[in-house]
Amino acid sequence: MQASLGFYSIMNSGLRSFEDVSRVENYLGVYETEVYDIDYKNFTFSSGFHLKLGWNWVQKKNYSIRQSGSIAFEVYKEQIDFVLTDIGNGDSVSWGYWGESDVKIGYQETAVAANFGIAVTQELIYLRNKENFSWGGGVSFTSRTRSDIPFNQSPSQGVYIPNSRSLAWGRYYTQQIGLVFHIEKVMNRGMIYLNLNQQVFTAKRDKGAKWFLEDNELNPVSHNMDFRFPLIIQFGGSLQFGKNKK
């Protein structure tokens, strides 16, 4: 059995653009109708740490079959570039700091925000053993939860954001199946390892009241990135103890 602790990061590599995205509520808005074109930043990395327990169901000289479970905590950032393309008939609901003179058709800006997430992963991998060095791969099942990011709309930031509200923690939840590549170096009863887990299929996703849909009612600010298939990176060290199952 192995008990592990290490660094953790989720890399999102998919860039996606949305056109004609409607603001679904006008709280702190300037106009009753606001429509945007939006681009999400490519190649974002979260930062955090993970805890893992693993055990070998099969342990032979040349190969091992290992099952493991881990929990990870991350801080992530997201960035959107947006352009205001339509204000309907121009009716205003301005809340004081921003007005029609500040926010006009063609208004474009960049918004960056950060928040917290949790991921739980189960893996089953096959390892080839070479002296004190092992490598191999397998499959994984990962559950991730994140909350909506509260993008800053303060006038002191100089950016008008098309949505100021966010959902409570944990309202974005997804389960994905991944393919795993694992490599490790054994040193006595310890080891160091690198684990790459590429998500390839979305099994389930639950969202709250504000999310992207493939129709005319799209919320201009939400981090619900289910369309991406991220790469999960784990790097750390393990302590081996107990007996391996033969």
Pairwise distance NE2(His182) to CZ(Arg66) - rounded to 0.5 angstrom: 5.0 Å
From CA spacing to verdict: side-chain contact (heavy atoms from CB on, under 4.5 Å), Thr174, Thr142: CA-CA 8 Å; Thr174 189; Thr142 300; over 6 Å; no
Reported CZ-to-CD1 distance for the pair Phe45 and Ile10, which is rounded to 0.5 angstrom: 11.5 Å
Taking every non-hydrogen atom, the tightest pair across Pro230 and Arg144: CG-NH2, 3.7 Å
Single-linkage hydrophobic cluster, 4.5 Å side-chain cutoff, Met1 and Val186 together: no
Expected output: side-chain Ser143 to main-chain Thr121 donor-acceptor under 3.5 Å: no
Ser92 (side chain) donor-acceptor with Val30 (main chain) under 3.5 angstrom: yes
Polar contact flag, side-chain donor to acceptor under 3.5 angstrom, Ser46-Glu74: yes
Test side-chain contact (heavy atoms from CB on, under 4.5 Å) applied to Thr44 and Lys77, step by step: CA-CA 7 Å; Thr44 60; Lys77 290 184 178 181; over 6 Å; no
Closest contact, heavy atoms only, Leu5 versus Leu51: CD1-CD2, 3.2 Å
Heavy-atom closest pair, residues Tyr160 and Glu34: OH-OE2, 2.8 Å
Residues Glu184, Leu127; criterion side-chain contact (heavy atoms from CB on, under 4.5 Å); working and verdict: CA-CA 10 Å; Glu184 64 187 38; Leu127 294 172; 4.2 Å; yes
Over 12 foreign heavy atoms within 6.0 Å of CZ, Phe7: no
Residue pairs, two or more places apart or on separate chains, that pass salt bridge (Lys or Arg N to Asp or Glu O under 4.0 Å) and touch residues 100-119: none
Ile183 side, atom CD1; Leu196 side, atom CG - distance, nearest 0.5 Å: 9.5 Å
Aromatic plane relationship, Phe18 with Tyr40 - under 30° parallel, 30 to 60° tilted, over 60° perpendicular: perpendicular
Cluster check Leu179, Ile232: I/L/V/M/F/W/Y, side chain < 4.5 angstrom: no
Joint hydrophobic cluster, Leu53 plus Ile125, side-chain heavy atoms closer than 4.5 Å: no
Intermediate values then yes/no, side-chain contact (heavy atoms from CB on, under 4.5 Å), Thr202 and Phe229: CA-CA 8 Å; Thr202 299; Phe229 293 97; 3.6 Å; yes
Enclosure of Asp91 CG (heavy-atom neighbours >12, cutoff 6.0 Å): yes
Any donor-acceptor pair under 3.5 Å from Asp86 side chain to Gly88 backbone: yes
Partners meeting side chain to side chain donor-acceptor pair (under 3.5 Å) with Gln122 (sequence neighbours left out): none
Cluster overlap Met191 with Val180, hydrophobic side-chain contacts below 4.5 Å: no
Between CG on residue Asp81 and OH on residue Tyr36, distance to nearest 0.5 Å: 14.0 Å
Heavy-atom closest contact (Ser22 atom, Val35 atom, distance): OG-CG2, 4.2 Å
Identified ring pair (Phe, Tyr, Trp, His ring centres under 6.0 Å) counterpart of Phe49 within the set Phe73, Tyr8, Phe235: Phe73
Interatomic distance, Met187 atom CE to Ser238 atom OG [nearest 0.5 angstrom]: 9.5 Å
Those residues that, when tested against Val83, pass side chain to side chain contact (heavy atoms under 4.5 Å, CB included) (two or more places apart): Thr85, Gln108
Taking every non-hydrogen atom, the tightest pair across Val159 and Phe82: CG1-CZ, 4.3 Å
Main-chain N/O of Val103 paired with Tyr31 side-chain donor or acceptor, under 3.5 Å: yes
Linked hydrophobic residues, Tyr193 as query - side chain contacts closer than 4.5 Å: none
Atom pair CD1/CD1 of Ile105 and Ile87 - distance to nearest 0.5 Å: 4.5 Å
Selection residues 129-139 - residue pairs positive for side-chain hydrogen bond (donor to acceptor under 3.5 Å, both in side chains), sequence neighbours left out: Ser64-Asn129, Asn129-Ser134
For Gln240 against Gly190, the heavy-atom pair lying closest together: NE2-O, 4.3 Å
Partners meeting ring-ring contact (aromatic ring centres under 6.0 Å, His included) with Tyr63 (sequence neighbours left out): Tyr126
